Amino acid sequence: MTANELRTMYVNFFKERGHREIASASLLPENDPTVLFTTAGMHPLVPYLLGEKHPSGNRLTDVQKCVRTDDIDEVGDDTHLTFFEMLGNWSLGDYFKEESISMSFEFLTKHLNIPVERLAVTVFAGDEMVPADVEAETKWKSLGLKSEQIFRYGREENWWGPPGQTGPCGPDTEIFYDMGQPKCGTDCGPACTCGKYVEIWNNVFMQFKKESDGTFTELKQKNVDTGMGLERILTIFNGKTNVYETELFVPVMTKLEELVGSSEMSMSETDKRIICEHIRATTFILGDPKKIAPSNTEQGYILRRFIRRMIRLFKKTGIHENCLCELSKVIIDQYKEVYPELGENEEFILEQLQKEYTLFAKTLDDGLKKANRYLQNVGKCGVLSGDLAFKLYDTYGFPIEFTMEMAQEKGLQVDLDGFQKKFEEHRNKSRQGAAGKFAGGLADNSERTARLHTATHLLNGALRSILGDEIAQRGSNITSERLRFDFSFGRKVTKEELSQVEAMVNEAIANKVDVIMEEMTPEQAYESGAIGVFTGKYGEIVKVYTIPGYSKEICGGPHAANTGELVAFRILKEEASSAGVRRIKAVIEG
Ligand code: SER
């Protein structure tokens, strides 16, 4: 089975069961200050899981591109990836446990032909707050799973979400494929890491919302949120032992072997896998329409980490040229039909890879010499000091994880606390990137966020009207304090233009205009003059938010009901974000 066949088979299966297909969202979540990447298909659906009506109905399915950086240290093993595609289906207050489990079982056993005895499942064991999931357990038994195939675990294993501080969450039932080898011990089960059990699908029964004070409230509706790893299913279905043997990695692995073949030294299998995995993740992040470039903060820092790690692995094998572009081209060619943004942004992807290579190559040799010297001299304690690790970061551009990896190869450690301390001392604007914030989190959809979201639409509309229709949104990020809006524009926006833009937004606020939401097909939206991306990447029905006289945009919401709620709008700053992209930060009083 090919990846495309699997994507189609999955989506069609759920479409035949009343689901509507929705588009894969950006890898960079909109309006969510606490999460760097989309880590699951549920991220773009948070407002709907919390009760907002989805324009495509209450049964949805899709294939969502995801990035999870917390698995980065596992990359190189048989199954863990940072970038992956998640096949998902959702019930927004429609079906619940029984039907969800039935459908998963049918898909696995009848369509993927996995024998029942190769399945193992886990269910929530219960705690003081939520009882054991007897309903899920009973359902699995009724489908033919034996008691020894069903495992009860607590909150650590069988509770999903929220990924950050607040948001929808609930108990889950996880489905594993039993690779067939004997148990590694009497306690061996799906939670064991010996490799016998590979997680393939998770069905989350989302009926709670975690509030910011740590309490849980019942959601208005009981939802189902499922996610299945495309790469893992392909591996299993095609009888492969690891993801790198699937069609998704064979072309890039072949190219890499060709490139490495000319070197005198050989590259380890693990290093090859890491490069193939990271070049795929890097290509997808760079290829996202939001055009993130390597930097020292947030997503840009993750990119930098991936790229610099690959460069070092090539160096280790005696390859000093930049091979990244050639590898990335293989990924682009392979995926651009399914993810057209890769083809559309090819120039940007290759340009950024080249730029980052050139930047890092300058300091890498000196840095490596220094790092080796430092590591030779760590003495008996076996720990590289935080000061020296910081020096490598600051002077030679070595991401801390990179230094840790070098130390680890020599059986040494790095004083991470010392590094963090030093880092804190030196941190300036680039606050969040390197020091943490790699795991996800979800913004709460407060009224203020909704108002800032409406302000963003007004700003976009005003910019288009003052600077010209050719400006296009490149990114948007909202915290409870401010909005940030990135847009394509070739020069600095003058002070005068900025005050015109600000005045126009304030005029819309003073006029107390109602914000109107309508649902329509993407074609109708396009014909009505709404702005948005019309690449067939939306579902069949979209929401269009109109602020008459000022803005008309395709958007998932939520928004203020009337512009008057914003009270007043002020631009704080206009600056360059990356080549050809400007950034505005602004606040409202409402
Ligand atoms: N959100 C759940 C997960 O990521 C199901 O997709 O496992």
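Order of listing sets the numbers, starting from 1, for every ligand and every atom in it. Quick caveat: nothing in here was measured; it's all calculated off a predicted structure.
A donor-acceptor distance shorter than 3.5 angstrom exists from the side chain of Gln149 to the backbone of Val116, with no hydrogens or angles considered. Under the 3.5 Å distance criterion, the side-chain polar atoms of Arg59 are left unmatched by any main-chain donor or acceptor of Trp90. Not a single donor-acceptor pair under 3.5 Å links the side chain of Ser100 to the backbone N or O of Phe96.
Only one option out of Tyr10, Phe13, Tyr95 pairs with His19 in a ring pair (Phe, Tyr, Trp, His ring centres under 6.0 Å); it is Tyr95.
A donor-acceptor pair shorter than 3.5 Å can be found between the side chains of Thr241 and Glu245.
For ligand 1, the protein residues within 4.0 angstrom (heavy atoms only) are Ala40, Met42, Arg68, Met86, Trp160, Asn202, Val204, Asp225, Thr226, Gly227.
Each ring pair (Phe, Tyr, Trp, His ring centres under 6.0 Å) pair with one or both residues in residues 222-253, not counting sequence neighbours, appears once here: Tyr244-Phe249.
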